[in-house]
Undergrad: 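Before I ask anything, here is the structure I am working with.
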Amino acid sequence: MKPFGSLRTHGAGTLRPSDDGTDVVLAGWVARRRDHGGVAFLDLRDASGSVQVVADAGEGEADEVLAAAHGVRSEWVVSVRGRVRTRPEGMANPALATGEVEVAASELEVLSVAQTPPFPIEGRVEADEHLRLAHRYLDLRRPGVGEAIRTRARITSVMREVMERNGFLDVETPMLTRSTPEGARDFLVPSRLQRGEFYALPQSPQLFKQLLMVAGLERYYQIVRCFRDEDLRADRQPEFTQLDIEASFITAEDLYGLVEELIVELWSEVLDVELSAPFARMTYAEAMARYGTDAPDCRFDLRLVDLGEVFRGTEVGIFRGALDAGGSVVGWRLPGGGELTRKQFDDWVEFAKRRGAKGLAWGVVEAGEGGGAPTLRSPLAKFMADDEVTALLAATGAGVGDALFFGAGPTRSTQQLMGALRVAAAKAHGFVPEDRWAFTWVLEAPLVEWNDDEGRWDPVHHPFTSPTEDSLATLEQAPGAALAQAYDLVLNGTELGGGSIRIHRRDVQERVFALLGIGEAEAREKFGFLLDGLSYGAPPHGGIAFGLDRIAMLMAGAGSLRDVIAFPKTQSGQDPLTGAPAAVDDAQLREVGLRRLPPS
RNA sequence: GGACCUGUGGAGCAGCCUGGAGUGCUCACCUCCCUGUCAAGGAGGAGGUCGCGGGUUCAAAUCCCGUCAGGUCCGCCA
């Protein structure tokens, strides 16, 4: 493919034996120089790849090129005129796409010299991340790093293709909007024209996309930046990108179909992986019970087992106490875990304690004496009746040589602890196949959950999520049992996206607000514009939003969102390249009506 | 807000536990040599606030306290 721009005729990485004899002009960076005195090799790199350029001793021009080649250094930008030739017998390099050819240079022009880079561009060693981010333009020049950014571009391109093909309209929504109280902390932007008041950067275009449905656009999508002022993680940045989707006159099933079409095409086009759809589905309750999380990693089985029945009449104190208090005993089997040392078991107990658990019990299944029934070697064994051990082994499927872990306590936190253990221990012991793509829908999350600190019901998703038809009847009587018409798509233990069918009826919205303790005045103050909109003939509608960065991270095989964002922030929310965030001068503050507080 | 890991010439590491001269390795950089390399090779050279501050000690990269920065996680966040 001919490169864009008239300063060169070919991309360095595109040359093949079929180009033998072609006169070319290349331009790019000097990746490496191998200087033998009488002959010198330059690896010339551009966005298409790299190719070997040869400067040979000879007559006239050639000697000038060789002299110039002696002087160039890594990362200088050069232009080379020359002729493609197949390499001499035995000199091909099968490790390179261009390894069968080379370019015999007849002219070598230095377009730009370069300082020695602060870390190697071509080396395989990982440089310190802070240093990489401070010189991100050099970091992105490194082939592997830049590749993730290219993969991301391919992903957004396929997303747009699929959405456009399905008749969705790309509509932009405001970046400067108003702060709404739900969810995460807002980033605030002071207003100069309305001194003392603030815009907020959107956490998502949620309310706007619903209003676009009221407006009759029917099918909306946007690849849109969102902002949340919360602490960072490997998979959380303060600004991130969503593929945001909303449609009218649809059911959840319609969305599953669309999303599966999109995901299948993404994996096919970008990774050349053929997924099979429809994806697996499970309920939220199943996810919590079997995997201890709402984002289960289904690449491996090894599920959690509820042991409430097994230990119904137990003498084991910690199990007794948990069950009597209405909590749970949850077990998990580690195949072959009998090999673990005491130290390793202690480490997992420590792992549990670091997560706030009181403890973690464990046992090892051993062969019974004289071929008798298997027994459990465990600090708890002496409190366990024989029939409990038998039932335990049956319930968990544990056999001789396996280890069992037990968590006991309040149901939710115990499931979560065991879920975290399941993932960490399975990873540590090689039970997670890294090459699998395990998609699953998690459906029917609760509509609300009890917030003990504040003494109220909080929405699990957001306050505009529709309850299921069945839940509507008993919404006020049993709020905790109400299910939402909500759905999350999970891949390998990471939530890729989630959404819901929205409430489009005023009376239902009022009942949900009442349940959440949001009075009419408060609702009007906070979401008045949405409620107004919904009162003018809102179609049934619903949508979903995907974390583009997370999708790109998983597809690129990256370990962090930072790897798929061109200019990311560090864990403390700083950008080492620009130095953001930074102080502003008093005049700027005065203009927007702000005054600096003394440092606290 | 909290836990843990890391910080040593330009880069990546070792040294730290058990204190004793800035000691070592690989790469990069500079000079020279070299006509088939591809992580070229050879000879020579330059380059250090051991993140920063304080303490203990005759003596601190090493032990202690604090702090800053980076990372992973919990809380927070859908």
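These figures come from a predicted structure and were not determined experimentally. Chain A is the first sequence line, chain B the second, and so forth, proteins listed ahead of strands; every chain is numbered from 1.
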Undergrad: Can you tell me if A:D43 and A:S50 form a side-chain donor-acceptor pair at under 3.5 Å?
TA: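 A:S50 and A:D43 do not have a side-chain donor-acceptor pair below 3.5 Å.
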Undergrad: In whole angstrom, give me the gap between the C1' atoms of B:rU8 and B:rG12.
TA: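 To the nearest whole Å, 12 Å.
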Undergrad: Counting only distance, no hydrogens or angles, is the base of B:rG36 paired donor-acceptor with the side chain of A:E102 under 3.5 Å?
TA: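 Between B:rG36 and A:E102, which were checked side chain against base, a qualifying N/O pair under 3.5 Å is present.
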Undergrad: Work out how far the C1' atom of B:rG15 is from that of B:rU6, and round it to whole angstrom.
TA: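 My reading of the C1' atoms in B:rG15 and B:rU6 gives 16 Å.
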Undergrad: Decide whether A:T578 and A:D575 meet the rule of one side-chain donor and one side-chain acceptor closer than 3.5 Å.
TA: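 Indeed, the side chains of A:T578 and A:D575 share at least one donor-acceptor pair under 3.5 Å.
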Undergrad: Quick one: does NZ or CZ of A:R422 land under 6.0 Å from the six-membered ring centre of A:F405, within 45 degrees of the ring axis?
TA: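 Here A:R422 fails the 6.0 Å and 45° test against A:F405.
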Undergrad: Can you tell me how far C1' in B:rG10 sits from the matching atom in B:rG48, rounded to whole Å?
TA: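 About 12 Å, rounded to a whole number of Å.
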Undergrad: Go ahead and name the base partner of B:rA59; Watson-Crick or wobble counts if both distances stay under 3.5 Å, otherwise write none.
TA: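 Pairing partner: none.
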Undergrad: Check whether the ring centres of A:F345 and A:W348 lie less than 6.0 Å apart, and answer yes or no.
TA: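 No - the distance between ring centres of A:F345 and A:W348 does not fall below the 6.0 Å cut-off.
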Undergrad: Could you please name the option among B:rA78, B:rG1, B:rU37 that lies closest to any side-chain atom of A:D294?
TA: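 Selected nucleotide: B:rA78.
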Undergrad: Which whole-number value in Å describes the distance from A:L201 CG to B:rC77 C1'?
TA: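 After rounding, the reported distance stands at 16 Å.
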Undergrad: Would you mind telling me which residue lines up with the more 5' stretch of RNA chain B, A:P118 or A:R34, judged by nearest nucleotide?
TA: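 Going by which nucleotide is closer to the 5' end, it is A:P118.
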Undergrad: Where the side chain of A:V460 is concerned, which of B:rC29, B:rC38, B:rA78 is the nearest nucleotide?
TA: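 Nearest to the side-chain atoms of A:V460, counting from C-beta on, is B:rA78.
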Undergrad: Suppose we define a pair by two distances each less than 3.5 Å, Watson-Crick or G-U wobble; what does B:rG24 pair with here?
TA: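 Because both required distances fall under 3.5 Å, B:rG24 counts as paired with B:rC13.
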Undergrad: Rounded to the nearest Å, what distance is computed from the CG atom of residue A:D139 to the P atom of nucleotide B:rG10?
TA: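 Whole-Å distance recorded here is 19 Å.
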Undergrad: If you measure from the C1' atom in B:rG51 to the same atom in B:rA61, how many Å do you get, rounded?
TA: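 Going atom to atom, C1' in each nucleotide, I get 12 Å.
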Undergrad: From NZ of A:K353 over to C1' of B:rC73, roughly how many Å is that when rounded to an integer?
TA: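 Atom NZ in A:K353 sits about 19 Å away from atom C1' in B:rC73.
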Undergrad: Checking only heavy atoms, does the side chain of A:R354 share a donor-acceptor pair with the base of B:rG75 at less than 3.5 Å?
TA: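 Donor-acceptor pair under 3.5 Å: no.
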Undergrad: Without decimals, in angstroms, what is the distance between A:D231 CG and B:rG70 P?
TA: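 Those two atoms, CG and P, are 13 Å apart.
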Undergrad: Base, sugar-phosphate alone, or nothing: which one does A:A92 contact when heavy atoms must sit under 4.0 Å apart?
TA: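 The answer is base, as A:A92 lies within the cut-off (heavy atoms under 4.0 Å) of a base atom.
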Undergrad: Rounding to the closest angstrom, what is the interatomic distance between B:rU57 and B:rU18 at atom C1'?
TA: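 Roughly 16 Å separates the two C1' atoms.
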Undergrad: Taking the side chain from A:R550 and the backbone from A:D235, do they hold a donor-acceptor pair closer than 3.5 Å?
TA: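 Flag set: sc A:R550 to bb A:D235 pair under 3.5 Å.
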Undergrad: Find the partner of B:rU72: check Watson-Crick (N1-N3 plus N6-O4 or O6-N4) and G-U wobble (N1-O2, O6-N3) distances, both under 3.5 Å, and reply none if neither fits.
TA: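 Paired with B:rA3.
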Undergrad: Mind checking A:R45 for me? I need base, sugar-phosphate or nothing, with any heavy atom below 4.0 Å counting as a touch.
TA: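 Touches nothing.
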Undergrad: Checking all strands, does A:D229 fall into the base, sugar-phosphate, or nothing category for heavy-atom contacts under 4.0 angstrom?
TA: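 Result for A:D229 = nothing.
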Undergrad: Using the side-chain heavy atoms of A:Q52, tell me which of these nucleotides is nearest: B:rC77, B:rG36, B:rG70.
TA: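 Selected nucleotide (nearest to the side chain): B:rG36.
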Undergrad: Can you tell me the distance, in whole Å, between the CZ atom of A:R236 and the C1' atom of B:rU72?
TA: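 Roughly 13 Å, once rounded to whole Å.
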Undergrad: Which is true for A:S572 with a 4.0 Å heavy-atom rule: it touches a base, it touches only sugar-phosphate, or it touches nothing?
TA: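 Touches sugar-phosphate only.
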Undergrad: If you check every side-chain atom of A:A57, which of B:rU37, B:rA11, B:rU35 has the closest atom?
TA: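 Ranking B:rU37, B:rA11, B:rU35 by closest atom to the A:A57 side chain puts B:rU35 first.
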Undergrad: Look at all strands and tell whether A:E122 reaches a base, only sugar-phosphate, or nothing, counting heavy atoms closer than 4.0 Å.
TA: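 Counting heavy atoms under 4.0 Å across all strands, no contact is made by A:E122.
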Undergrad: Could you tell me the Watson-Crick or G-U partner of B:rC32, where both distances fall under 3.5 Å? Say none if there is no partner.
TA: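 When the pairing criteria are applied, B:rG42 turns out to be the nucleotide that pairs with B:rC32.
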Undergrad: Please determine if A:R142 and A:E122 form a salt bridge, counting it only when a charged side-chain N lies under 4.0 Å from a carboxylate O.
TA: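 Salt bridge: no.
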Undergrad: Would a line drawn from the ring center of A:W457 to the ring center of A:W450 be shorter than 6.0 Å?
TA: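 Yes - the distance between ring centres of A:W457 and A:W450 falls below the 6.0 Å cut-off.
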Undergrad: Mind checking A:D128 for me? I need base, sugar-phosphate or nothing, with any heavy atom below 4.0 Å counting as a touch.
TA: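 Sugar-phosphate, backbone atoms only, no base.
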Undergrad: Would you please determine if the base of B:rA40 is stacked by A:H36, with stacking meaning a centroid separation under 5.5 angstrom and planes under 30 degrees?
TA: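 A:H36 vs B:rA40: stacking yes.
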Undergrad: State the pairing partner of B:rG19; accept Watson-Crick or G-U wobble contacts with both distances under 3.5 Å, and report none otherwise.
TA: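 Here B:rG19 is not engaged in any pair, so there is no nucleotide opposite it.
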Undergrad: Could you please name the option among B:rA69, B:rG36, B:rU72 that lies closest to any side-chain atom of A:R562?
TA: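 Of the options given, the side chain of A:R562 lies nearest B:rU72.
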Undergrad: More than 12 non-hydrogen atoms from neighbouring residues, nucleotides or ligands closer than 6.0 Å to CD on A:E495, yes or no?
TA: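 Yes.
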Undergrad: When the C1' atoms of B:rG47 and B:rG1 are compared, how many Å lie between them, rounded to an integer?
TA: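 After rounding to an integer number of Å, I get 43 Å for this pair.
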Undergrad: Suppose we define a pair by two distances each less than 3.5 Å, Watson-Crick or G-U wobble; what does B:rG66 pair with here?
TA: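 The answer is B:rC52, by the H-bond criterion.
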Undergrad: In whole Å, measure the gap between the P atoms of B:rU26 and B:rG44 for me.
TA: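 Per the computed distance, 13 Å lies between those P atoms.
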Undergrad: Can you find an N or O donor on one side and an acceptor on the other, under 3.5 Å apart, linking the side chain of A:R87 with the base of B:rC38?
TA: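 Between B:rC38 and A:R87, which were checked side chain against base, a qualifying N/O pair under 3.5 Å is present.
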Undergrad: Using heavy-atom distances to pick each residue's nearest nucleotide on RNA chain B, tell me which of A:D56 and A:P117 is more 5'.
TA: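 By nearest-heavy-atom nucleotide position, the 5'-most residue is A:P117.
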Undergrad: Just the rounded figure in Å: distance from C1' of B:rA28 to CZ of A:R33.
TA: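 About 13 Å, once rounded to whole Å.
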Undergrad: Think A:T570 has a side-chain N or O under 4.0 angstrom from the OP1 or OP2 of B:rG70?
TA: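 Checking B:rG70 against A:T570, a side-chain N or O does come within under 4.0 Å of OP1 or OP2.
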Undergrad: Give a yes or no on whether the ring-centroid distance for A:F227 and A:F240 is below 6.0 angstrom.
TA: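 For A:F227 and A:F240, the ring centres are not under 6.0 Å apart.
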Undergrad: Does a side-chain N or O of A:R32 approach OP1 or OP2 of B:rA40 to a distance below 4.0 Å, or not?
TA: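 Result: yes.
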Undergrad: What nucleotide, of B:rA40, B:rG71, B:rC77, holds the atom closest to the side chain of A:Q571?
TA: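 Nearest to the side chain of A:Q571 among the choices is B:rG71.
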Undergrad: Atom CG of A:D458 and atom P of B:rC77: how far apart are they, to the nearest Å?
TA: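 Rounding to the nearest Å, CG of A:D458 and P of B:rC77 are 9 Å apart.
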Undergrad: Over all strands shown, is A:L133 touching base, sugar-phosphate only, or nothing at heavy-atom distances under 4.0 angstrom?
TA: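 Contact class for A:L133: none.
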Undergrad: Test for a donor-acceptor pair under 3.5 Å between the base of B:rG75 and the side chain of A:R233, counting only N and O atoms.
TA: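 Checked by distance alone, the answer is yes.
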Undergrad: For B:rA28 versus B:rG20, give the span between their C1' atoms, rounded off to a whole number of Å.
TA: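 Roughly 33 Å separates the two C1' atoms.
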Undergrad: In whole angstrom, give the distance that lies between atom CZ of A:R228 and atom P of B:rA78.
TA: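 Going from A:R228 (CZ) to B:rA78 (P), I get 5 Å.
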Undergrad: With a 4.0 Å limit, can you tell me whether A:Q206 has a side-chain N or O closer than that to the phosphate oxygens OP1/OP2 of B:rA78?
TA: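 No, because none of the side-chain N or O atoms of A:Q206 sits under 4.0 Å from OP1 or OP2 of B:rA78.
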Undergrad: Between A:F464 and A:F527, does the ring centroid distance fall short of 6.0 Å?
TA: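 Centroid separation for A:F464 and A:F527: below 6.0 Å.
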Undergrad: Taking the side chain of A:E230 as its heavy atoms from C-beta onward, which of B:rC76, B:rC38, B:rC29 lies nearest to it?
TA: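 Output: B:rC76.
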Undergrad: Nearest of B:rG70, B:rG36, B:rA28 to any side-chain atom of A:M91?
TA: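 Side chain of A:M91 sits closest to B:rG36.
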